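Numbering starts at 1 and runs along the sequence shown. Nothing here was measured: the structure is a model prediction, and the numbers come from that model. Whatever order the structure lists ligands and atoms in, that order sets their numbers, starting from 1. These numbers come from the heavy atoms of this one structure, side chains and all, not from hydrogens, waters or symmetry mates.
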Amino acid sequence: MPVLEGRARHLLAGRPNTAAIVLLRGDITEQWVDAIVNAANSSLLGGGGVDGAIHRAGGPEILAACRDLRASHYGKGLAVGQAVATTGGKLYARSVIHTVGPVWSDSEDRSALLASCYRESLRVADTLDARTVAFPAISTGIYRWPIDDGARIAIETVRTTKTSVREVRFILFDDRAYAAFAAAVSAE
Ligand code: ADP
């Protein structure tokens, strides 16, 4: 597969019924896409890292929608590896897709749960008719997943998941995360 390299932008064309992949350095809250994905926690009631940034930028409407989810179908919270959508509030993105990544473990292989976050988020994106979706590097912050492995799982999963989404953008917050994703794209 051809890999086009530009300044802080890698591109991997989509196979039939899969999304093209774009890598960008930046802040996911500034993305102009149909949906952005939040690396949330099971409570859905906000947290640090990208979760905190999304709620700050998107305003109280997102938290209100999350509270409604907790009061209805998600009384016990959202399970690890699952995804659910809310409004995008004040964000450019129409929707936020919340997914809960696994915490890294030295003693247990939780890779299938991390892959599930990407797959389930794309499934939810399809229900929203989203064509462009921005992801952060799920689990690689507070949840301590090693960035190289997190990048490999992210790229492999998006590459092989059938979806109507045409473009997946990975928004990488620092140079190290960008380099890890660029290496994973180059390995495809
Ligand atoms: P988790 O709890 O799933 O590890 P974090 O939010 O702590 O979630 O981190 C996930 C990734 O998101 C990390 O690589 C972190 O550097 C990155 N990140 C933090 N803030 C932003 C942001 N505003 N935009 C994009 N990525 C971000």
Side-chain angles (χ1 to χ4, degrees), residues 8-10 21-60 62-63 66 74 77-86 88-106 108-122 124-125 130 132-158 167-185:
R9 185 183 165 98
H10 281 62
I21 293 175
V22 174
L23 309 185
L24 292 170
R25 274 277 273 117
D27 179 341
I28 201 167
T29 64
E30 294 169 1
Q31 285 297 305
W32 197 299
V33 284
D34 293 326
I36 68 173
V37 175
N38 181 17
N41 58 56
S42 287
S43 81
L44 289 175
L45 300 180
V50 73
D51 196 5
I54 287 171
H55 281 283
R56 272 195 302 280
I62 300 176
L63 188 57
C66 287
Y74 296 90
L78 184 64
V80 176
Q82 299 297 299
V84 66
T86 66
K90 291 189 295 178
L91 295 168
Y92 300 122
R94 171 158 53 86
S95 308
V96 173
I97 299 170
H98 306 263
T99 188
V100 183
V103 176
W104 168 259
S105 164
D106 289 323
E108 188 186 20
D109 181 7
R110 299 177 179 168
S111 304
L113 287 168
L114 184 55
S116 174
C117 288
Y118 290 101
R119 207 178 308 112
E120 284 297 303
S121 295
L122 288 174
V124 171
T132 51
V133 177
F135 279 92
I138 298 164
S139 286
T140 65
I142 297 162
Y143 285 177
R144 303 189 320 276
W145 204 285
I147 188 69
D148 292 339
D149 198 55
R152 178 187 63 78
I153 291 168
I155 296 295
E156 275 182 18
T157 307
V158 171
E167 181 181 313
V168 163
R169 290 184 202 168
F170 287 103
I171 310 302
L172 291 324
F173 207 45
D174 56 35
D175 288 337
R176 200 164 129 59
Y178 187 88
F181 274 72
V185 160

[X] to ligand 1, any heavy atom closer than 4.0 Å:
X	result
T29	no
A177	no
A137	yes

- Message: Out of G150, G101, S139, who is nearest to atom 3 (O) of ligand 1 when you count heavy atoms only?
- Response: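 Selected option, by shortest heavy-atom distance: S139.
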
- Message: I want to confirm something. Looking only at heavy atoms, which of I54, I142, N41, L114 is nearest to atom 7 (O) of ligand 1?
- Response: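 Considering heavy atoms of I54, I142, N41, L114, the nearest to atom 7 (O) of ligand 1 sits in I142.
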
- Query: For ligand 1, which atoms sit closer than 4.0 Å to a heavy atom of A39?
  - Reply: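 Taking each heavy atom of A39 in turn, ligand 1 has 3 (O), 8 (O) under 4.0 Å.
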
- What atoms of ligand 1 come within less than 4.0 Å of a heavy atom belonging to I171?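 The list of qualifying atoms is 25 (C), 26 (N).
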
Flag the pair [X] / [Y] as yes when at least one side-chain heavy-atom distance between them is below 4.5 Å, and no otherwise.
X	Y	answer
T86	H98	yes
I36	V133	no
V96	I54	yes

Can you find an N or O of [X] that's nearer than 3.5 Å to an N or O of ligand 1?
X	value
D51	no
A53	no
R144	no
G141	yes
I147	no

Quick one: does [X]'s side chain have a donor or acceptor within less than 3.5 Å of a partner on [Y]'s backbone?
X	Y	value
S121	C117	yes
S42	L78	yes
D34	T132	yes
R94	A35	no

- Task: Take R110 and W145, measure what side-chain contact (heavy atoms from CB on, under 4.5 Å) needs, and give me the verdict at the end.
- Result: CA-CA 10 Å; R110 299 177 179 168; W145 204 285; 3.9 Å; yes

Give the residue, atom name and distance (to 0.1 Å) of the protein heavy atom nearest [atom].
atom	value
atom 25 (C) of ligand 1	I28 N, 3.6 Å
atom 14 (O) of ligand 1	T140 OG1, 2.7 Å
atom 17 (C) of ligand 1	F173 CB, 3.9 Å
atom 23 (N) of ligand 1	D27 OD1, 2.9 Å
atom 6 (O) of ligand 1	V50 N, 2.8 Å

- Query: Where does the angle between the aromatic ring planes of F181 and F170 fall among parallel (under 30°), tilted (30 to 60°) and perpendicular (over 60°)?
  - Reply: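 Aromatic pair F181/F170 classed tilted.
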
- Output the distance between atom OG1 (T157) and atom CZ (F135), rounded to the nearest 0.5 Å.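 T157 atom OG1 to F135 atom CZ measures 9.5 Å (nearest 0.5 Å).
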
- Item | Passing option when V100 is tested against I138, L113, V84, V80 for side chain to side chain contact (heavy atoms under 4.5 Å, CB included) |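 Of I138, L113, V84, V80, side chain to side chain contact (heavy atoms under 4.5 Å, CB included) with V100 is met by V80 alone.
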
